[in-house]
Amino acid sequence: MITNRLRAIGIAAVALTASLALAACGSSGSSGGSAQTVKLSPPPSGDLTISNWPFYIDKNTVPDFEKATGISVNYVEDVNDNAEFFGKVQPLLQQGQSGGRSLFVVTDWMAKKMYDLGYLQNLDKSGIPNVEANLLPTLKNPSFDPGRQFSIPWQSGMTGLIVNTSQAPNVHPICDLFDPQYKGKVEMLTEMRDTVPLVMKCMGIDPSTATQDDWLAAIDKIKTAVDSGQIRRFTGNDYTRDMANGDVSALIGWSGDAVQLQADNPDIQFRMPTEGCILWSDNMVIPVGAPNPTAAEAWMNYVYDPQHQAQIASYNSYVTPVNGVREVFQKTNPDLVNDPLIFPTDQYTAKCSTQPNVTGQEEQTVTRAFQGVLQG
């Protein structure tokens, strides 16, 4: 228990420093239309280092890409939390360096933040014809990057409940996470834009129209739960270990991870909260200082071939951003054709909200409040 508490404090301290630094960055120094465009040197070759989140790729796609292109890939799963990753790479990026990375994957709001700070390059669309042909129309013009000038979705997904049904069979609303019968067996994400909006939904607040006071009220509710011992800890993607070990009964987590955990424990399920989920995309971006942007765009282009994307989606069970995957599944994996985690219907996500963002002074205020809860 002491070891776990010390580890949680350490993680919270890192998250606190990174998140407050991130909030303080604001949107000043916005690169706007002045961002440089990647310079391609075809044909693609050499080495490619990719940073991504865990549980996001099958075992065959990287070697298949290497065989098809001759590019040597260093695929690193070192993104556990957006703010934590920002804290790691920001000192490099502000010097025009990427730490050897030519591509990494971050969530919508973080991609926008990094772009505004001048840390990302615009894409050369001539190197990604598969993206141009196969990106789902609904993802082509997000508000943070109209026309997809600097970001390409890796996968989309839903933030909701992951439940061990043998321990917590009746957990369905987010509000159930505050039920005392689950005291000490609940976890929430360090990702403020996932955790707090879901708690707002529990409170009957629409995250898309939430005021600063609404954010702070939800954070107060979370703090009360922390003070009572209701919440075991806050995590990034490493909650998967706690769930696999049986240390937690229910948590706020990401849809596809539940499927990975089911391989070892069929009692673990993703549940769409009664109040609805939070919708988001994680995006491939090319940072300033990327040593091999040509290979990075070759990777983007490769995973946007529906055959290759189907291999990824069948493994991670996240919402695929690529047109044509369902048609591939009709031949190769018919059981996945109507999987709501890969192809969610409008009815399934009817109560869901797009991941909200906060900026400026409001961002600094709510971030400081939330990180204060994480810090304990």
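- Asn134 places no side-chain N or O within 3.5 Å of a backbone atom of Val322 that could act as its donor or acceptor partner.
- Figure legend: cation-pi geometry between Lys221 and Phe178, with NZ or CZ positioned under 6.0 Å from the six-membered ring centre and within 45° of its axis.
- Smallest separation of non-hydrogen atoms from Arg148 and Pro153: NH2-CG, 3.4 Å.
- Side chain to side chain, Asp47 and Asn292 fail the donor-acceptor criterion of an N or O pair below 3.5 Å.
- Here the options are Asp108, Val285, Ile286, Leu123, the test is side chain to side chain contact (heavy atoms under 4.5 Å, CB included), and the partner is Ser151; only Val285 passes.
- Side chains of Asp124 and Thr37: no donor on one and acceptor on the other come within 3.5 Å.
- The distance from the CG atom of Leu92 to the CZ atom of Arg101 is 7.0 Å, given to the nearest 0.5 Å.
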Show your reasoning for whether side chain to side chain donor-acceptor pair (under 3.5 Å) applies to Gln121 and Gln36. CA-CA 5 Å; Gln121 300 184 61; Gln36 66 186 47; 3.1 Å; yes
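- Using a 4.0 Å cut-off between a side-chain N of Lys or Arg and a carboxylate O of Asp or Glu, Arg233 and Asp242 qualify as a salt bridge.
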From CA spacing to verdict: side chain to side chain contact (heavy atoms under 4.5 Å, CB included), Val79, Asn52: CA-CA 5 Å; Val79 185; Asn52 206 343; 5.5 Å; no
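- Between Arg368 and Glu363 there is no salt bridge, since none of the side-chain N atoms of the basic residue sits less than 4.0 Å from a carboxylate O of the acidic one.
- Side-chain contact, Thr61 with Asp64: no donor N or O sits under 3.5 Å from an acceptor N or O.
- Under a 4.0 Å N-O distance rule, the pair Arg232/Asp247 qualifies as a salt bridge.
- Ring-centre distance between Trp109 and Phe144: not below the 6.0 Å cut-off.
- Using a 3.5 Å distance cut-off with no hydrogens or angles, the side chains of Ser281 and Asn283 do not pair a donor with an acceptor.
- The line from CG of Asn130 to CG of Asp305 is 5.5 Å long, rounded to the nearest 0.5 Å.
- A salt bridge links Lys88 with Asp78; the closest basic N to acidic carboxylate O contact falls under 4.0 Å.
- Taking the six-membered ring where the residue is Trp, the centroids of Trp53 and Trp254 are separated by under 6.0 Å.
- Heavy-atom neighbours of Asp346 CG from other residues, nucleotides or ligands within 6.0 Å: at or below the threshold of 12.
- Under the 30°/60° scheme for interplanar angles, the aromatic rings of Tyr302 and His308 are found to lie parallel.
- By the 30° and 60° cut-offs, the orientation of the rings of Phe150 relative to Tyr115 is parallel.
- Looking at Pro344 and Val319, their side chains come closer than 4.5 Å, going by heavy atoms from C-beta outward.
- Defined by atom type and a distance below 3.5 Å, a donor-acceptor pair is present between the side-chain atoms of Tyr318 and Asp257.
- Side chain of Gln262 to backbone of Ile268: a donor-acceptor contact under 3.5 angstrom is found.
- In the model, Gln260 has a side-chain atom that pairs as donor or acceptor with a side-chain atom of Tyr315 under 3.5 Å.
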With side chain to side chain contact (heavy atoms under 4.5 Å, CB included) as the test, would you mind laying out the steps for Met192 and Trp215 before giving the verdict? CA-CA 10 Å; Met192 182 180 75; Trp215 282 82; 4.1 Å; yes
